[in-house]
Amino acid sequence: MKMKSMLLALAAALAACAAQAQVYVVASGGLSQAEEFCDRYTVRCKESGTGLKLLVGQHIGPDIGLEIGYYSLGKASGLDGYYSPAPSFSIRTDGPGVGLAGFLELTPQVRLFARGALAAMNTRFTYDGVTESDRNLTLLLGAGLGLQLQRNLSLDLSVDFGKHEYRGATSPVTVVGLGITAGF
């Protein structure tokens, strides 16, 4: 409950600052890869899915932004070969977060960026039709390269790192995405 209150307070602060410009929106999606998830199962397993992030940011300095948003690390799924017939399983993780971003302009058209966020992630694990959830406070990290298309619009290539975490077991997740950043 504290995390929701904190996120609402941050959203209100960002909205109050929006009149001062320097607000930006990030939308990115791409391939997510759960590196170790399928090591625990046999038969068929698909460790890749679609991850995404939707962020609203406020520049609090020329090269630093405060961000709030939604993160999805995608889904991994498959069949458990220990039993016959093999039951299906899947895991997906998503949730809201708040973080900071740093920007480094290489040329007027190209910039590097890095982000870190603390996110209240909800991991849903489904096994043979039964779904259970686990909530975790998780650190998400990312970096990327932005190519300026117009004055307040860039095309971004990013890589983000997080983890599926369920009942103490973790599986690192990498999301390679393509997205846009639009400034207002």
Side-chain angles (χ1 to χ4, degrees), residues 1-15 25-57 66-101 114-144 156-180:
M1 201 61 148
K2 284 184 179 184
M3 184 63 163
K4 285 184 183 178
S5 299
M6 219 169 65
L7 291 174
L8 287 173
L10 181 60
L14 284 175
V25 175
V26 177
S28 177
L31 178 68
S32 70
Q33 183 74 26
E35 283 96 24
E36 299 169 5
F37 183 71
C38 288
D39 294 349
R40 298 177 185 96
Y41 301 97
T42 59
V43 184
R44 291 184 306 194
C45 188
K46 181 180 173 196
E47 293 180 314
S48 60
T50 303
L52 64 92
K53 65 179 173 257
L54 303 170
L55 310 172
V56 175
L66 181 61
E67 300 178 335
I68 185 170
Y70 170 79
Y71 303 85
S72 172
L73 299 180
K75 175 181 177 180
S77 60
L79 297 174
D80 187 351
Y82 291 113
Y83 304 101
S84 182
S88 65
F89 62 89
S90 67
I91 190 167
R92 76 176 55 216
T93 302
D94 60 4
V98 60
L100 290 173
R115 353 186 102 82
L118 195 56
M121 302 300 269
N122 183 31
T123 299
R124 288 173 304 288
F125 183 75
T126 302
Y127 189 89
D128 202 21
V130 177
T131 301
E132 295 181 355
S133 294
D134 197 2
R135 292 193 175 276
N136 300 287
L137 202 55
T138 302
L139 179 64
L140 304 173
L141 300 172
D156 302 331
L157 177 62
S158 62
V159 60
D160 295 292
F161 304 96
K163 62 183 175 180
H164 293 302
E165 185 173 348
Y166 178 71
R167 292 190 175 175
T170 63
S171 175
V173 178
T174 303
V175 180
V176 176
L178 187 63
I180 60 166

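As a basis for the values below, the full set of heavy atoms in this structure was taken, side chains included, without hydrogen atoms, waters or symmetry mates.
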*From Leu73 CG over to Lys53 NZ, what is the distance, rounded to the nearest 0.5 angstrom?*
10.5 Å
*asked:* Test of understanding: with side-chain hydrogen bond (donor to acceptor under 3.5 Å, both in side chains), list the residues that count as partners of Thr138, not counting sequence neighbours.
replied: none
_Gap separating the OG1 atom of Thr126 from the CZ atom of Arg92, nearest 0.5 angstrom_ = 8.0 Å
*Starting at NE2 of His164, measure out to CG of Asp134 and round the result to the nearest 0.5 Å.*
13.0 Å
*Partner set under salt bridge (Lys or Arg N to Asp or Glu O under 4.0 Å) for Asp94, not counting sequence neighbours*: Arg124
*Qualifying residues under salt bridge (Lys or Arg N to Asp or Glu O under 4.0 Å), relative to Lys75, sequence neighbours excluded*: none
*Considering residues at least two apart in sequence or located in another chain, which fulfil the side-chain contact (heavy atoms from CB on, under 4.5 Å) criterion with Ser48?*
Leu31, Gln33, Lys46
*Heavy-atom pair of closest approach, residues Val175 and Ser32*: CG2-CB, 3.7 Å
*Val26 vs Arg115, side-chain contact (heavy atoms from CB on, under 4.5 Å): CA-CA, chis, key distance, verdict*: CA-CA 12 Å; Val26 177; Arg115 353 186 102 82; 3.6 Å; yes
_Residues which pass side-chain hydrogen bond (donor to acceptor under 3.5 Å, both in side chains) with Ser133, listed by chain and number, not counting sequence neighbours_ = none
*asked:* Among residues at least two apart in sequence or on other chains, which ones pass side-chain hydrogen bond (donor to acceptor under 3.5 Å, both in side chains) with Ser72?
replied: none
*Indicate the atoms forming the closest heavy-atom contact of Thr170 with Lys163, along with that distance.*
CG2-CD, 4.0 Å
*Applying side-chain contact (heavy atoms from CB on, under 4.5 Å), name anything that partners Thr123, two or more places apart in sequence or on another chain.*
Ile91, Thr93, Asn136, Tyr166
*Does any non-hydrogen side-chain atom of Tyr127 lie less than 4.5 Å from one of Pro87?*
yes
*Looking at Leu52, Leu55, Val56, which one forms a side-chain contact (heavy atoms from CB on, under 4.5 Å) with Tyr70?*
Leu52
*CZ on Arg167 to CD on Glu132, rounded to 0.5 Å*: 4.0 Å
*Can you list the residues that meet the side-chain contact (heavy atoms from CB on, under 4.5 Å) rule with Leu141, with sequence neighbours excluded?*
Leu139
